[in-house]
Amino acid sequence: MVCTINDSFTFQCGLMPKGEGLYFINIGKQTRDKAGIRFGQPLVIDLRKDDSPYGMPMPEELQELLAIDDEGNERFHGLTPGKQRSIIHWVSSAKSVQIRIERAIEQIDKLKHSLRNPGPR
């Protein structure tokens, strides 16, 4: 889902089941701070379906690596959507470009190595 708070801050989120057919959106401290919202403040929430391919923005560094590494691209796209998002999140969470590049290379290399050498069964 894509959530917009008070017509000013937009982020991607998931609906979490609360039970009895009810759902909630977990809004962490970092998101609350970025959105400028405080406890008890009334909010206007706009929700819409997220039509992006991964459910979150793809970091440019990972996208470029997948564009030049055919095996890495094939392995990445063979993963479940949740595992793809985990890699995307890990790469995206780095603040510097250099760290995002290193994380992208590390994750794709690890993925290629683990699938070539699955280990003992």
Asks: Hey, any chance Trp90 and Ile101 share a hydrophobic cluster, counting ILVMFWY side chains that come within less than 4.5 Å of each other, even indirectly?
Replies: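 No, Trp90 does not connect to Ile101 through the hydrophobic network.
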Asks: How many angstroms lie between atom CD1 of Ile87 and atom CD of Glu106, to the nearest 0.5 angstrom?
Replies: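 Reported to 0.5 Å precision, the distance equals 10.5 Å.
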Asks: In Å, rounded to the nearest 0.5 Å, how long is the span from CG of Asn26 to CG of Leu15?
Replies: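 Taking CG in Asn26 and CG in Leu15, the distance rounds to 12.0 Å.
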Asks: Looking only at non-hydrogen atoms, find the nearest pair between Met56 and His89 and report the distance.
Replies: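 Nearest pair, atom of Met56 first, then His89: CE-CB, 3.9 Å.
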Asks: What do you reckon, is CG of Asp33 surrounded by more than 12 foreign heavy atoms closer than 6.0 Å?
Replies: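 Check passes, neighbour count above 12.
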Asks: Where do Ile108 and Gly72 come nearest, in terms of heavy atoms and distance?
Replies: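 So the minimum-distance heavy-atom pair works out to CG2-CA, 3.5 Å.
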Asks: If I compare all heavy atoms of Gln84 with all of Phe76, which pair ends up nearest, and what's the gap?
Replies: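 Looks like NE2-O, 3.1 Å.
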Asks: Say you draw a straight line from CG of Asn6 to CD1 of Ile45; how long is it, rounded to the nearest 0.5 Å?
Replies: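 Asn6 CG to Ile45 CD1: 6.5 Å, rounded to 0.5 Å.
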Asks: Using the rule that Ile, Leu, Val, Met, Phe, Trp and Tyr join whenever any side-chain heavy atoms are under 4.5 Å apart, tell me whether Met1 and Tyr54 fall into a single cluster.
Replies: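 Different hydrophobic clusters.
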Asks: Within this structure, what is the CZ-CD distance for the pair Arg100 and Glu60, rounded to the nearest 0.5 Å?
Replies: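 Arg100 atom CZ to Glu60 atom CD measures 8.5 Å (nearest 0.5 Å).
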Asks: Within the side chain of His77, is there an N or O that forms a donor-acceptor pair under 3.5 Å with the backbone of Asn73?
Replies: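 It does hold such a pair.
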Asks: Any chance you could measure Lys112, atom NZ, to Arg75, atom CZ, to the nearest 0.5 Å?
Replies: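 Reported value, rounded in 0.5 Å steps: 9.5 Å.
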Asks: Any chance you could measure Leu62, atom CG, to Ile88, atom CD1, to the nearest 0.5 Å?
Replies: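 If I round to the nearest 0.5 Å, the distance is 6.5 Å.
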Asks: Which heavy atom of Gln12 sits nearest a heavy atom of Pro57, and at what distance?
Replies: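 Looking at all heavy atoms of both residues, the closest pair is OE1-CD, 2.5 Å.
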Asks: Does Thr31 use its side chain to pair, donor to acceptor, with the backbone of Ile27 at less than 3.5 Å?
Replies: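 Here the side-chain-to-backbone pair does not exist.
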Asks: Identify which one of Thr10, Ile25, Ile37 satisfies the side-chain contact (heavy atoms from CB on, under 4.5 Å) criterion when paired with Ile5.
Replies: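 It is Ile37; the other options fail the test.
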Asks: Is it true that atom OH of Tyr23 has more than 12 heavy atoms of other residues, nucleotides or ligands lying nearer than 6.0 Å?
Replies: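 Result for OH/Tyr23: open.
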Asks: Can Leu43 be reached from Phe11 by stepping across I, L, V, M, F, W or Y side chains whose heavy atoms are under 4.5 Å apart?
Replies: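 Yes, same cluster.
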Asks: Under a plain distance cut-off of 3.5 Å, with no hydrogens placed, do Ser93 and Arg103 share a side-chain donor-acceptor pair?
Replies: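 Yes, side-chain donor-acceptor contact under 3.5 Å.
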Asks: Side-chain donor-acceptor pair under 3.5 Å between Asp50 and Ser52, yes or no?
Replies: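 Asp50 vs Ser52: donor-acceptor pair found between side chains.
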Asks: Can you name the closest pair of heavy atoms from Ala94 and Ile99 and give their distance?
Replies: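 Residues Ala94 and Ile99, closest heavy atoms: CB-CG2, 3.3 Å.
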Asks: For Glu74, does the CD atom have more than 12 heavy-atom neighbours from other residues, nucleotides or ligands under 6.0 Å away?
Replies: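 Not buried by this count: 12 neighbours or fewer within 6.0 Å.
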Asks: Looking only at heavy atoms, which two atoms of Gln63 and Met58 are closest? And how far apart?
Replies: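 Looks like CB-CG, 3.7 Å.
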